[in-house]
Amino acid sequence: MATVPRSLMTLRGVTIKANMVSLTEPRYRTAMAFCAKIRNARKYEVDAAPPKGVEIHFYLADRSPLLFTEGAYTAEELLTEAAQKCHISPLCHNLFALYNEKDDLWLPPNHLFKIDSSTSLKLYYRVRFIFTNWHGTNESEPSVWRYYPKKQRDHYDGNKQAADGTPILDASSLDYIFAQGQYELVKCLAPVRDPKSDHEMHEIENECLGMAVLAISHYAIKKNMQLPELPKDISYKRYIPETLNRTIKQRNILTRLRINNVFRNFLKEFNNKTICDSSVSPHDLKVKYMSTLETLTKNYGAEIFETTSLNITSEKPYKSHELHEVMVTGNDGIQWRLKPAPDPYEKEKKTKKKKSDNKNKSDSRANSKNQWTSFSYFPEITHIVVKEDTVIINNQDNKCMELKVSSPEVALSLTALIDGYFRLTADAHHYLCTDVAPPLIVHNIMNGCHGPIW
């Protein structure tokens with residue numbers, strides 16, 4: 001018997017004591033059930049026609065895209081219209097950016113769109129600036145809160161933990177990042193962590209199925225539907241990573257039937273023991289989904305940039321033309337390392353016959369190479385200079401990082417990322433680099449406006 005996925009273990013003190021049958025446990029179905037399962041025709045998706053103008057798409061199912069067919073707009077102006085359409089408050093507006101999924105590229109807020117009849121661009125309105133453990137449910141790392149004045153904290157009547165600040169996300173932003181998180185998991189934009197063994201691989205598969213349970217349960221509650229009333233096309237396959245879905249499709253038909261039936265039974269049991277007695281709210285399910293996504297996936301919320309040249313000026317200078325990776329996260333700032341050699345799980349299986357002492361030595365060397373070295377946190381940065389595809393990051397202690405990325409567009413994307421985190425953690429009314437400065441902040445500074453202006 002396999003245990004319940006960790007994503008379903010606890011929800012606000014509600015412990016689920018159901019056991020999930022192993023997905024590989026032999027259980028034969030009748031010929032009638034077999035035929036009923038395979039008689040559905042396969043549905044093919046047809047690619048939509050390219051947009052005419054600039055389309056901004058949303059992860060919320062009930063929001064139609066914004067379309068701009070002519071004129072000149074900055075990315076900041078389009079972000080404001082997108083925020084209004086999704087009811088994102090000004091407090092959370094600066095967590096979002098425009099993303100070109102086709103080119104895997106984020107656009108800085110001062111990017112200028114000149115739209116005419118030849119323009120065809122599809123963008124996504126997406127949360128870019130993410131702080132893990134914003135929900136405060138992970139006891140192994142510090143909670144992240146939004147600052148507010150100490151005078152108000154002194155009169156706060158809530159629990160001690162929440163008195164450290166206010167939540168980063170409001171209700172509308174939580175709805176949006178929950179929808180975005182589901183999309184990222186399914187489309188593998190947030191890839192699951194690499195398994196180290198067969199056992200961990202099966203754990204990850206069960207965790208993904210557990211995420212499907214959370215997503216479907218949330219859907220049922222919001223639609224005020226009981227599970228038997230759900231449409232026939234509501235399947236776990238729509239809520240798990242596409243790579244895992246392809247892996248399951250390669251298994252024999254009986255195994256796929258067993259997975260489907262076990263999932264259905266567990267979903268029903270989860271509904272009967274947890275949902276029906278109203279012990280879990282939609283908010284609880286969203287928070288649990290997002291908190292589990294942070295541990296299920298690899299470097300969730302981080303952006304990693306590959307660089308062919310890295311030069312760090314400090315007390316211990318470092319210069320190399322080898323391939324490096326620079327990672328930027330809201331919690332840990334800017335970190336770097338040598339790009340690790342590919343080490344897929346399949347390759348590990350071929351080396352099982354090696355002596356254990358040699359394996360331990362190679363593992364320790366690999367771990368030391370894969371470790372990230374911290375460069376700076378955002379409030380320590382004084383300014384950034386962009387020279388085509390090269391980014392130069394300057395610190396208060398005269399430490400400097402110079403890195404070369406794949407293109408000038410990627411250089412601006414990296415700079416806008418660091419600049420955005422700087423405003424969230426240090427100074428909301430200034431910028432680090434004129435090449436990516438938000439037009440509204442530039443306008444306020446030029447006109448002597450100190451602070452936000454309606």
Side-chain angles (χ1 to χ4, degrees), residues 1-9 16-46 182-188 191-195 197-221 223 225-276 285 288-289 292-293 296-297 345-346 349:
M1 301 285 283
T3 57
V4 178
R6 282 176 296 175
S7 55
L8 303 176
M9 291 298 288
I16 304 164
K17 298 181 179 180
N19 284 330
M20 190 171 186
V21 180
S22 173
L23 299 180
T24 57
E25 179 183 340
R27 181 178 298 177
Y28 298 99
R29 315 302 299 174
T30 64
M32 183 179 296
F34 175 86
C35 295
K37 186 66 184 177
I38 65 174
R39 68 188 174 199
N40 293 326
R42 180 178 295 178
K43 297 180 180 178
Y44 294 93
E45 293 185 359
V46 179
Q182 292 181 66
Y183 181 90
E184 290 174 330
L185 180 65
V186 171
K187 296 296 182 181
C188 302
V192 298
R193 64 182 185 271
D194 297 322
S197 63
D198 288 339
H199 176 71
E200 187 176 3
M201 181 181 69
H202 292 306
E203 273 191 351
I204 291 173
E205 289 186 3
N206 277 345
E207 285 294 301
C208 291
L209 292 173
M211 297 290 272
V213 171
L214 293 173
I216 294 175
S217 298
H218 178 270
Y219 176 87
I221 292 178
K223 296 294 184 180
M225 301 171 67
Q226 297 297 321
L227 288 180
E229 302 171 359
L230 288 175
K232 295 294 184 182
D233 61 345
I234 298 296
S235 166
Y236 72 88
K237 298 173 186 176
R238 294 174 52 183
Y239 297 92
I240 63 174
E242 291 179 342
T243 51
L244 176 58
N245 200 10
R246 287 194 293 268
T247 299
I248 293 175
K249 285 182 178 179
Q250 293 173 356
R251 297 172 182 170
N252 65 66
I253 185 65
L254 291 179
T255 301
R256 299 202 302 271
L257 282 172
R258 286 198 297 271
I259 293 174
N260 187 70
N261 289 324
V262 167
F263 178 83
R264 281 285 179 181
N265 291 335
F266 183 72
L267 182 62
K268 186 183 297 183
E269 190 171 2
F270 177 75
N271 177 75
N272 293 338
K273 291 192 174 184
T274 308
I275 305 300
C276 290
L285 292 172
K288 186 60 183 176
Y289 188 97
T292 305
L293 192 63
L296 174 62
T297 58
Y345 173 61
E346 289 76 12
K349 293 200 276 190

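Just so it is clear, the values below take in all heavy atoms, side chains as well, and ignore hydrogens, waters and symmetry mates.
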Val186: partners by side-chain contact (heavy atoms from CB on, under 4.5 Å), with sequence neighbours left out | Glu242
Set of side-chain contact (heavy atoms from CB on, under 4.5 Å) partners for Thr247, sequence neighbours left out | Arg251
Distance (rounded to the nearest 0.5 Å) between [X] [atom1] and [Y] [atom2]:
{"X": "Leu214", "Y": "Lys288", "atom1": "CG", "atom2": "NZ", "answer": "8.0 Å"}
{"X": "Asn245", "Y": "Ser235", "atom1": "CG", "atom2": "OG", "answer": "8.0 Å"}
{"X": "Ile248", "Y": "Glu205", "atom1": "CD1", "atom2": "CD", "answer": "6.0 Å"}
{"X": "Arg264", "Y": "Leu267", "atom1": "CZ", "atom2": "CG", "answer": "6.5 Å"}

Sub-4.5 Å side-chain heavy-atom contact between [X] and [Y]:
{"X": "Arg193", "Y": "Thr297", "result": "no"}
{"X": "Val192", "Y": "Leu244", "result": "no"}
{"X": "Asn260", "Y": "Arg256", "result": "no"}

Among side-chain atoms of Arg258 and Thr255, is any donor-acceptor pair under 3.5 angstrom?
-> yes
Give every residue pair that meets the ring-ring contact (aromatic ring centres under 6.0 Å, His included) criterion with at least one member in residues 234-261, sequence neighbours excluded.
-> Tyr236-Phe263
State, to 0.1 Å, how close Glu207 and Thr292 come at their nearest heavy-atom pair, and which atoms those are.
-> OE1-CG2, 3.7 Å
Which heavy atom in Leu285 sits nearest to a heavy atom in Ser217, and how many Å separate them?
-> CD1-C, 4.0 Å
